[in-house]
Amino acid sequence: MSYDGKRNIRVFPSPQALADAAAKDFQIAACQAQAAEKIFSAALSGGNTPKILFERLALPEVSASIPWDTAHLFWGDERCVPSDHLESNFAMTRRTLLERISIPPENIHRIRGEADPEAEASRYADEITNFLGSDGAPRFDLILLGLGSDGHTASIFPDAVIWEEPTGVCCVAAHPETGQKRISLTLKTINCAAQATFLVTGSSKADVAANILNRSPGHEKYPAAQVELESGSLNWYMDRDAAGVWRP
Ligand code: 6PG
């Protein structure tokens with residue numbers, strides 16, 4: 001592991017090793033919350049990368065060590081599609097994790113992709129603040145994040161007005177190429193987390209990850225580069241392919 005003053009950076013020999021470490025972090029954070037008699041709040045990432053982590057968390061020998069009855073799952077973002085749609089982050093999580101673990105239904109805080117986007121962004125923000133408290137920005141115990149090859153994270157895309165949104169808990173976004181509407185946590189909410197972990201695998205992310213981690217000229221334009229927790233622990237977990245260009 002290396003620490004650059006703001007980020008704990010770890011490079012793993014394989015996506016499986018990365019998933020093992022992220023699953024261990026998840027388990028530790030959930031158990032620490034339980035020991036403190038608190039609920040554990042986690043916002044999950046979408047796309048393909050987290051599947052390997054969710055499948056790891058669902059393994060009986062791993063799942064048995066996680067206090068799911070006090071773990072509350074949210075999403076960092078969701079595509080505005082029905083919950084059974086192929087592109088739904090909830091559908092992906094249901095297949096790879098939720099169907100395989102015993103978690104109370106009330107602990108699952110789905111973003112309703114089928115709803116009107118603006119109305120849902122408002123409803124989801126209320127659900128978050130009602131659950132995590134509203135004095136200041138809501139503070140998740142853990143936020144999992146992905147990285148797009150364009151430097152986006154959650155559904156905060158480069159050149160989008162929303163990621164300069166200073167006040168909202170979440171917002172409506174649109175994919176720059178497809179125009180697909182998304183609901184996303186804002187950077188403000190992400191940066192209030194107690195812990196956030198980027199899960200980055202594959203060579204397609206190597207250049208953008210290196211630009212961000214090395215703070216190369218122009219890196220500020222990447223929304224993922226704007227993730228710097230105000231008072232939390234920020235982890236960048238990469239496999240060898242994703243770390244191929246980065247030089248510590
Ligand atoms: C989404 C994600 C998005 C994702 C990155 C990486 O809804 O698509 O939240 O931010 O994490 O695009 O996606 P992959 O893991 O599929 O490369």
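For ligands, and for the atoms within them, numbers begin at 1 and follow the listed sequence. All values reported here derive from a predicted model rather than from experimental measurement.
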**Q.** Gly146: numbered ligand 1 atoms lying under 4.0 Å from its heavy atoms
**A.** 11 (O)
Q) For ligand 1, does Ala154 get within less than 4.0 Å through its side chain, its backbone, both, or neither, judged by non-hydrogen atoms? A) backbone
Q | N or O contact, Asn89 vs ligand 1, cut-off under 3.5 Å | A | yes
**Q.** Of the listed options Arg79, Lys51, Lys205, closest to atom 8 (O) of ligand 1 (non-hydrogen atoms)
**A.** Arg79
Q) Identify the closest protein heavy atom to atom 2 (C) of ligand 1: which residue and atom is it, and at what distance? A) Asp77 OD2, 3.6 Å
Q. How long is the span from the CD1 atom in Ile111 to the CH2 atom in Trp75, to the nearest 0.5 Å?
A. 8.5 Å
(Q) Looking at Glu37, I want to see if its CD is surrounded by more than 12 non-hydrogen atoms of other residues, nucleotides or ligands under 6.0 Å. (A) no
Q) Going by atom types only, do Asp77 and Ser184 share a side-chain donor-acceptor pair under 3.5 Å? A) no
(Q) Please check this pair: side chain of Thr186 against backbone of Cys170, looking for a donor-acceptor N/O pair closer than 3.5 Å. (A) no
Q: Under 4.0 Å, heavy atoms only, figure out whether ligand 1 is touched by the backbone of Thr49, its side chain, both or neither.
A: both
Q. So, Arg94 and Ser88: side-chain donor and acceptor under 3.5 Å apart, yes or no?
A. no
Q. At a non-hydrogen distance cut-off of under 4.0 Å, which region of Leu147 contacts ligand 1 (side chain, backbone, both, or neither)?
A. backbone
Q. Which ligand 1 atoms are under 4.0 Å away from a heavy-atom of Arg182?
A. 1 (C), 7 (O), 8 (O)
**Q.** Identity and distance of the protein heavy atom lying nearest atom 12 (O) of ligand 1
**A.** His152 NE2, 2.7 Å
Q.
Can you report which non-hydrogen protein atom sits closest to atom 16 (O) of ligand 1, along with the distance?
A. Asn48 N, 2.8 Å
Q: Can you pull out the closest protein heavy atom to atom 4 (C) of ligand 1? Residue, atom name and distance to 0.1 Å, please.
A: Gly46 O, 4.0 Å
Q | Asn107 side-chain N/O to Asp69 backbone N/O, donor-acceptor pair under 3.5 Å | A | yes
(Q) Assess whether a salt bridge exists between Arg123 and Glu127, defined as any Lys/Arg side-chain N lying under 4.0 Å from an Asp/Glu carboxylate O. (A) yes
Q. If you look only at pairs with a residue in residues 233-248, which of them pass as a salt bridge (Lys or Arg N to Asp or Glu O under 4.0 Å), with sequence neighbours excluded?
A. none
